[in-house]
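One structure below.
Below, each value reflects all heavy atoms present in this structure, side chains not excepted, and no hydrogens, waters or symmetry copies. Proteins get letters first, then strands, A, B, ... in listed order; numbering begins at 1 in each.
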Amino acid sequence: MARYSEFPLSLYNSYTREKEVFKTLHPGKVGMYVCGPTVYSYVHLGNVRTFLTFDVLYRYLIHLGYQVRYVRNITDVGHLVDDIDEGEDKIAKKARIDNIEPMEVVQKYTNDFHDTLKLFNFLNPSIEPTATGHIIEQIQMVQQILDNGFAYIVNGSVYFDVPKYQEAKGNYGRLSGRVLEDLMSNTRELDGQEEKKSPLDFAIWKKAEAMHIMKWPSPWGMGFPGWHLECSAMSTKYLGKEFDIHGGGMDLKFPHHECEIAQSVASDGIAPVKYWMHSNMLTVNGQKMSKSLGNSFTPAELLTGDHPLLKKGYTPMTVRFFMLQSHYSSTLDFSNDALEASEKGYKRLMKAWATLDSLVWKSGNVDLQLDKEITEALDEAYTNLSDDLNTAKCIANLFDLATRINSMANGQLDSGMLSKGTFDRLQKEFPEILRDILGILPEDGGDSGVVDGLMKLLINIRQNARANKDFATSDQIRNTLNELGIQIKDGADGTSYSLN
RNA sequence: GGUCGGAUGGCCGAGUGGCUAGGCACGGGUCUGCAAAACCCUUUACACCGGUUCGAAUCCGGUUCCGACCUCCA
């Protein structure tokens, strides 16, 4: 049976500003679109947080039994670096600086993006369309918007007519809470705006100046698509005119997502998205992580710790775990202290997982209270995930379970105090939640049979030394192993070890 | 300036009209040859001022501070 009926999912919908029970447009199927990166530079940790939110959502939807089509685009058309219409685009600029082809820039940073996501154990989306691969679809959409009278042509560029759209449809600004009059009065004095009828209008097709490298022929001349358009065109192509979930960073809410809605409505006459989801920013010392502030760092810098903001290196799983300990809709502040705390917490859960794997159920006197407690903690883990993806609370449930698992391992509790069914469920679902839903994996690696054999040998030698009260030898073994990152644990029923 | 959001204990971070979030750190204990690990116990909260309520950290109003967006941004 599909688990979504057992643990029905609720999501906070940015559009309605309410938490809503998630109902799919088509039974059992979910269409999800997430705005991907513009590939003109390395992704940084802030980017990772957004994609992580939707990676976990994707995993959870699958786990609940939905059939999910997850589309995440790559923006590989260079959009203008500033407001000035004659400006260079970001990708072209980077290409000029590095003296390479624009598509080499795109390829380089697309590869980096993929490598990074792999590092953090992200699942691949079902479709990863590129803007350059969908120029025709975008031209068609521009034409449709023109045909419907919501855009106009000036000097080879096509602009979306926001005031006219607003008059007809009246929902521009609803998603981001903007009021048109306020936007008008706050419009900055910008160069190169004279082509637009209203400063609120935005380009859906832009004429390419001679210097522009990435350009395509269109009914309006050589040019390139407006930034907001690609997501509308590609989401429509792969998910339909109406689909379930659209996600992205909070900073895309306005104008990007607002414009997406307007474009789809202007083109197809229908609001495209049922549930809008926005992931909040990663901050450093309270400020948004961004390149311009110089407070961002790349995953590579994170691993090595080679950055002024980093006291030491942190592993990808530590970071993934750190991020999941907060709710996606809250800002999350990065700090070394927080990362170090997460590192220890992460290791604690991983050890509990390994311990759980080694536990064997033995028939005994079932403790109904304990049995119930374990069952409830597992249920709550799912209930919390279903409550707008509350990974923080879910992880709290896992820590509660870890305590019980450790107690069973060290003999303070007995596996037989659980019914066979509950024990089996624990052994199955605890790792499932970590591995399949949260995407958290052990990273000690190198735990080969050889290492295990050697460790057993050393532990035996040490046991003998201890039996003979030769503590110099036993401590030497323990201390040396410790220096190698291997921890010796003397328990009630023998000695075990773990790799740190 | 406009719009929106936030302010939780030593640090990070959930949540909620009355019931221990959780992690990390600190302290005490059990275990141990000594440790480590593990387990048990314990301490420090809800920015400020009013209001609603039997009861508010949670709702409402105001104040202060911080942030995001308004321009490319995850």
Side-chain angles (χ1 to χ4, degrees), chain A residues 17 34-38 40-41 43-54 75 78-84 87 89-90 173 176-179 181-188 190 227 247-256 278-283 286-292 321-322 325-327 329-346 348-349 351-352 355 384 387 390-400 402-407 409-413 466 469-471 474-475 478-479 482 487-492 495-498:
Chain A
R17 289 154 198 264
V34 172
C35 290
T38 303
Y40 71 104
S41 64
V43 290
H44 62 71
L45 214 56
N47 307 86
V48 171
R49 156 113 123 142
T50 297
F51 298 122
L52 174 62
T53 298
F54 297 103
T75 298
H79 295 286
L80 301 179
V81 266
D82 51 37
D83 307 321
I84 303 161
D89 78 52
K90 284 194 261 190
S176 55
R178 310 290 153 132
V179 179
E181 292 72 47
D182 293 342
L183 286 172
M184 289 294 275
S185 63
N186 284 305
T187 303
R188 300 180 187 187
L190 300 171
W227 173 45
M250 200 77 101
D251 49 355
L252 296 183
K253 216 176 190 181
F254 187 89
H256 187 58
H278 291 95
S279 176
N280 217 323
M281 300 292 103
L282 182 69
T283 61
Q287 277 199 311
K288 175 181 168 181
M289 178 179 282
S290 74
K291 284 176 196 121
S292 56
F321 181 73
F322 162 69
Q325 275 186 295
S326 75
H327 192 250
S329 67
S330 303
T331 54
L332 172 63
D333 199 56
F334 171 89
S335 71
N336 283 282
D337 287 348
L339 259 290
E340 278 176 33
S342 288
E343 185 174 55
K344 290 180 184 169
Y346 160 71
R348 189 162 164 234
L349 278 188
K351 283 179 194 169
T355 302
N384 285 326
D387 183 11
N390 198 327
T391 52
K393 279 185 99 172
C394 174
I395 286 171
N397 296 131
L398 295 181
F399 274 113
D400 289 343
T403 299
R404 297 306 177 193
I405 289 165
N406 287 328
S407 294
N410 68 20
Q412 289 172 334
L413 295 176
R466 291 176 74 205
K469 299 215 187 288
D470 177 8
F471 297 126
S474 68
D475 286 354
R478 186 176 66 192
N479 294 340
N482 230 333
Q487 190 175 60
I488 291 294
K489 294 188 277 198
D490 295 328
T495 299
S496 62
Y497 72 97
S498 68

Calculate the interatomic distance between [X] atom [atom1] and [N] atom [atom2]; express it in whole Å.
X	N	atom1	atom2	answer
A:Arg404	B:A38	CZ	C1'	13 Å
A:Ile488	B:A38	CD1	P	15 Å
A:Gln412	B:U30	CD	C1'	8 Å
A:Asp490	B:A36	CG	C1'	8 Å
A:Asp337	B:G13	CG	P	11 Å
A:Lys291	B:A74	NZ	P	7 Å
A:Phe334	B:G13	CZ	C1'	16 Å
A:Tyr346	B:C12	OH	C1'	19 Å

Answer with base, sugar-phosphate or nothing: what part of the nucleic acid does [X] contact at a heavy-atom distance below 4.0 Å?
X	answer
A:Ser326	sugar-phosphate
A:His256	nothing
A:Gly177	sugar-phosphate
A:Leu252	sugar-phosphate
A:Leu282	base
A:Thr283	nothing
A:Asp333	sugar-phosphate
A:Phe471	base
A:Ser279	nothing
A:Ala338	sugar-phosphate

### Message
Go nucleotide by nucleotide along RNA chain B from the 5' end; which of A:Thr331 and A:Gly286 gets its closest nucleotide reached first?
### Response
A:Thr331
## Note on the structure
When A:Thr50 and A:Gln287 are each assigned the nearest nucleotide of RNA chain B, the 5'-most assignment goes to A:Gln287
Hydrogens and angles aside, do [X] and [Y] bring a side-chain donor and acceptor to less than 3.5 Å of each other?
X	Y	value
A:Lys90	A:Thr38	no
A:Thr495	A:Asp490	yes
A:Arg348	A:Thr403	yes

Which nucleotide in [options] has an atom nearest any side-chain atom of [X]:
X	options	value
A:Lys288	B:C69, B:A74, B:A36	B:C69
A:Arg466	B:A68, B:U32, B:A74	B:U32
A:Ala341	B:C39, B:G2, B:C24	B:C24
A:His44	B:C69, B:A74, B:G22	B:A74
A:Gln487	B:C70, B:A37, B:A74	B:A37

If pairing requires Watson-Crick or G-U wobble contacts with both distances under 3.5 Å, which nucleotide is the partner of [N]?
N	value
B:C24	B:G10
B:A57	none
B:A38	B:U30
B:A68	B:U3

### Query
If you take atom types as modelled and just measure distance, does the side chain of A:Arg478 reach the base of B:C34 with a donor-acceptor pair under 3.5 Å?
yes
### Message
Is it the case that the base of B:G6 and the side chain of A:Asn280 share a donor-acceptor contact (distance under 3.5 Å, atom types as modelled)?
### Response
no
May I ask you to verify if any side-chain N or O of [X] is less than 4.0 angstrom from the OP1 or OP2 atom of [N]?
X	N	result
A:Lys344	B:A25	yes
A:Asn410	B:A38	no
A:Asn390	B:G15	yes
A:Ser330	B:A14	yes
A:Arg348	B:G23	yes

Rounded [atom1] spacing from [N] to [M] in Å:
N	M	atom1	value
B:G2	B:U63	P	12 Å
B:C12	B:G67	P	16 Å
B:G15	B:U58	P	16 Å
B:C66	B:C48	C1'	15 Å
B:U64	B:C49	C1'	10 Å
B:G10	B:G27	C1'	13 Å
B:A57	B:A47	P	9 Å
B:U32	B:C46	P	42 Å

### Query
Is there a stack between A:Phe51 and B:A74, judged by ring centres under 5.5 Å and planes under 30°?
no
### Message
Which residue in the set A:Asn397, A:Thr391, A:Asn390 passes side chain to side chain donor-acceptor pair (under 3.5 Å) when paired with A:Asn384?
### Response
A:Asn397
Looking only at non-hydrogen atoms, find the nearest pair between [X] and [Y] and report the distance.
X	Y	result
A:Lys253	A:Ser176	O-CB, 4.4 Å
A:Asp333	A:Phe322	O-CZ, 3.7 Å
A:Ser474	A:Arg466	CB-CG, 3.5 Å

### Distance, nearest 0.5 Å, that separates CD1 of A:Ile405 from CG of A:Asn410
12.0 Å
### Query
Ignoring hydrogens and geometry, is there a side-chain-to-backbone donor-acceptor pair from A:Ser279 to A:Gly248 under 3.5 Å?
no
